[in-house]
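The basis for the numbers below is simple: all heavy atoms, side chains too, and nothing from hydrogens, waters or symmetry mates. Worth saying up front: this structure is predicted, and the values here are computed from it rather than measured.
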Amino acid sequence: QVQLVESGGGLVQAGGSLRLSCAASGRTFKFQPMGWFRQAPGKEREFVAGISWSGGSTLYADSVKCRFTISRDNAKLTVYLQMNSLKPEDTALYYCAESSQFVMSTNAADFGTWGQGTQVTVSS
């Protein structure tokens, strides 16, 4: 069983940057795609970014392309989300998740293990 713990959230002004980290424990982490999702108040959870087990392939939501970068360090069992040029609409609770599939997906239903989330608030 993999456990995921997110960190790095906080309050930042529009145009600023944050780097989220997701630390994992457990034997399956290295071989599964990982993803970041977010959920704003009153809205459904949405896909933000995903990365293959090797880190060689990535996926991004259109709303964050060219601003966010997902990466992973399997030796450290950690996934990162570098967020630049942040906008107020990026404000949400950000979750890290491990895919239950061996192929990348943007569907939350394909992710079986979730962290507790870290809050990102972007002020205008």
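- With ring centers used as reference points, W53 lies 6.0 Å or more from F102.
- Residues meeting the side chain to side chain donor-acceptor pair (under 3.5 Å) test with D110, sequence neighbours left out: S105.
- At least one side-chain heavy atom of Y94 sits less than 4.5 Å from a side-chain heavy atom of L81.
- Counting only heavy atoms from C-beta outward, the side chains of S17 and M83 never approach each other to under 4.5 Å.
- Taking the salt bridge (Lys or Arg N to Asp or Glu O under 4.0 Å) definition, one finds that K65 meets it with D62, sequence neighbours left out.
- Put simply, CZ on R72 and CD1 on I51 are 6.0 Å apart, with the number rounded to the nearest 0.5 Å.
- Residues near Y80 contribute nothing to a hydrophobic cluster around it, because no ILVMFWY side-chain heavy atom sits closer than 4.5 Å to its side chain.
- Side chain of D73 to main chain of K76: a donor-acceptor pair is present (N/O by atom type, distance under 3.5 Å, no hydrogens or angles).
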Test N84 against F68 for side-chain contact (heavy atoms from CB on, under 4.5 Å), laying out the working first.
CA-CA 6 Å; N84 299 327; F68 291 11; over 6 Å; no
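- Around the CD atom of E89, the shell of radius 6.0 Å holds more than 12 heavy atoms that belong to other residues, nucleotides or ligands.
- Between Q101 and P33, the closest side-chain pair of non-hydrogen atoms is not below 4.5 Å.
- Considering every non-hydrogen atom in both T113 and V2, the closest pair reads CG2-O, 3.1 Å.
- Through side-chain heavy atoms spaced under 4.5 Å, either directly or across other Ile, Leu, Val, Met, Phe, Trp or Tyr residues, V103 is tied to no other residue.
- In this structure, F37 and W114 have side chains that are in contact, with non-hydrogen atoms separated by less than 4.5 Å.
- In this structure, the ring of F47 has its center no less than 6.0 angstrom from the ring center of Y60.
- Inter-residue side-chain proximity for R38 and T91 is flagged as unmet; no heavy-atom pair is nearer than 4.5 Å.
- At least one side-chain heavy atom of L20 sits under 4.5 Å from a side-chain heavy atom of V120.
- Heavy-atom minimum distance, L4 versus A97: CD1-CA, 3.8 Å.
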Take M34 and C96 through the test side-chain contact (heavy atoms from CB on, under 4.5 Å) and record every step on the way to the result.
CA-CA 7 Å; M34 299 290 293; C96 171; 3.7 Å; yes
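- Of the possible polar contacts, none joining the T121 side chain to the L11 backbone as a donor-acceptor pair under 3.5 Å is found.
- In this structure, the separation between OG on S100 and CG on N107 is 10.5 Å, given to the nearest 0.5 Å.
- In this structure, the side chains of F111 and Q32 stay at 4.5 Å or more apart for every pair of heavy atoms.
- Partners of L93 by side chain to side chain contact (heavy atoms under 4.5 Å, CB included), not counting sequence neighbours, listed by chain and number: Y95, Q119.
- For the residue pair S124 and P88, the shortest heavy atom distance occurs at CB-CG, 3.8 Å.
- Put simply, the side chain of E6 gets close to the backbone of Q116: a donor and an acceptor are under 3.5 Å apart.
- The shortest side-chain heavy-atom distance between W36 and V79 falls under the 4.5 Å cut-off.
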Apply side-chain contact (heavy atoms from CB on, under 4.5 Å) to the pair D90 and R67, showing each step before the final yes or no.
CA-CA 11 Å; D90 294 318; R67 298 190 298 123; 2.8 Å; yes
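- Here R19 pairs with nothing under the side chain to side chain donor-acceptor pair (under 3.5 Å) rule; sequence neighbours left out.
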